[in-house]
Number of protein chains: 2
Amino acid sequence: MSSKQSTKDRILDAAEALFADRGFAETSLRTITNRADVNLASVNYHFGSKKSLIQAVFNRFLQKFVTHLDKELTPIEQGLDAPSVEQVLHTLVKPLMSMDKDRHEGSSNFMKLLGRAYAESQGHMRRFMQEHYAHYLRRFTSQLHRAAPNLANNEMFWRLHFMLGTVIFTLAGSDALHEIAAADFKESVTLEQTLERLLPFLAAGFKS
Amino acid sequence: MSSKQSTKDRILDAAEALFADRGFAETSLRTITNRADVNLASVNYHFGSKKSLIQAVFNRFLQKFVTHLDKELTPIEQGLDAPSVEQVLHTLVKPLMSMDKDRHEGSSNFMKLLGRAYAESQGHMRRFMQEHYAHYLRRFTSQLHRAAPNLANNEMFWRLHFMLGTVIFTLAGSDALHEIAAADFKESVTLEQTLERLLPFLAAGFKS
DNA sequence: GTATGTTTCAAACAACTGTTTAGATTTTCG
DNA sequence: CGAAAATCTAAACAGTTGTTTGAAACATAC
């Protein structure tokens, strides 16, 4: 039922899932290759090293993300009227949702991944994204600029990163939060509902 | 110049610093005991295991934090008039600042630590804090309730955790952010300034 | 068919991990 | 003082880590 997937993809899938819920250092190549049902040595053969495998996991998943993001951003960029802050922030929702759905196993793997990457590599990940995905970041921020034209550049920078923190941190820990919420308020929420609750919070903060 | 510190404290200091900037799994007991200038076996002798050492590091630092927090919270609790949201949030600033100062080496170690703990232990840390420090969390939230009396319980819960995420995430990565800001805007900011910039953002989001 | 290049495989590698042991040293206190 | 308890130390333990190796299996093209 799965012999169609290449060894490389099987490794990437297994690694992505395991990195997300155990962490990078806590996941051994043997655990990955066992789950992927491939030989241990194939990681080094196809990717060179564990470090490169980690990078490959990230690149694959960021690539997917910006492809989705592009589709959301384009119509707003082409609109004649300036978008609202809420509209701009909303371009993130659908990419996040659709990537969450087509994960085979458990949900919000990739957000946990992002959370880990930010926490574990003290700034390295921030710089990596600003180097390799600067284009999309700029498109996003320039729409934010249209939405809030009288906000100074440096203020913009800070509030953008405040928002980034809130989103990643919340989604990375969303499983735990959903559990607590379910226990305390008998309220069971979906990822989408969490996002919809998050957006007004962000927008208000951003416009503060 | 440092023979006064007990072995236990030397280990805790070294472990705290190393955990903060490398992570838990990435820091070996040998690295810790080398920096602390103590024998390798003394970690197991004094703490039992590496896991227990990690817990000990957290308990020591959370203990200090809530002691500071208590001093800030008390006068607000005794005030006859309801505090503002900003006032309540401000109770966090001074504890964070003073703990940042009396770290000997580099700054904001403990915030990186918190960030790591949240990211690496998938919800475990969130639950730990809600079990062991529920008292202080409740005092804090009940003041928030006074400040925003017409906010439903579950909404409160979510926005509280949104704010928590923003604070921890921002401060955990503050070194990297300060660097980028310095490079891009020739603006050099202190931790205190970042906090002061963060508070209005949080307050606005909370009141959204 | 043979030859060529790619991919898989089991086994071994050296380095490092947390933990334990048993003996020396120091501290505590009657 | 001197016995008992606490602490420190070097060495070894068993297990795991990422990586390398050389031969086997496979694929592709002539």
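A sub-4.0 Å separation between OP1 or OP2 of dT7(D) and a side-chain N or O of S42(B) is absent.
Rounded to whole angstrom, the span from the NE2 atom of H46(B) across to the P atom of dA6(D) amounts to 12 Å. With rounding to whole Å, N34(B) atom CG is found 14 Å from dA10(D) atom C1'. Rounded to a whole Å, the CZ atom of F47(B) is 16 Å from the C1' atom of dT19(C). Distance, N39(A) CG to dT19(D) P: 15 Å, rounded to whole Å. Remark: C1' of dC9(C) and CZ of R10(A) are 14 Å apart, rounded to the nearest angstrom. Atom CG in D9(A) sits roughly 13 Å away from atom P in dT7(C) (whole-Å rounding).
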Enumerate all atom pairs, one protein N or O and one N or O from nucleotides 4-6 of chain C, separated by less than 3.5 Å.
none

Tabulate protein N/O versus nucleotide N/O from nucleotides 14-18 of chain C, keeping only pairs under 3.5 Å, one per line.
residue	atom	partner	partner atom	Å
dT17(C)	OP1	S28(B)	OG	3.3
dG18(C)	OP1	K50(B)	NZ	2.8
dG18(C)	OP2	L29(B)	N	2.9
dG18(C)	N7	R30(B)	NH1	2.9
dG18(C)	O6	R30(B)	NH2	2.9

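A salt bridge does not link R35(A) to D13(A): none of the charged nitrogens lies less than 4.0 Å from a carboxylate oxygen. Salt bridge E187(A)/R197(A): present, at least one basic N to carboxylate O contact under 4.0 Å.
Residue V88(A) comes nearest to F140(A) through the heavy atom pair O-CE1, 3.5 Å, listed as atom of the first residue, atom of the second, then distance.
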Original post:
Are R139(A) and L69(A) close enough, and set up right, to give a side-chain contact (heavy atoms from CB on, under 4.5 Å), and what steps lead you there?
Top reply: CA-CA 10 Å; R139(A) 282 176 62 192; L69(A) 179 62; over 6 Å; no
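Donor-acceptor pairing under 3.5 Å is lacking for the side chains of N59(B) and H132(B). Side-chain atoms of Q143(A) and R146(A) form a donor-acceptor pair, as typed in the model, at a separation below 3.5 Å. Using modelled atom types, one finds a donor on one side chain and an acceptor on the other under 3.5 Å when comparing H68(B) with S98(B). Between the side chains of S188(B) and H178(B), not a single donor N or O lies within less than 3.5 Å of an accepting N or O.
Sequence order on DNA chain D of the closest nucleotides to D37(B) and A41(A) puts D37(B) first from the 5' end.
Between F58(B) and F24(B), the ring-plane angle classifies as tilted under the 30° and 60° cut-offs.
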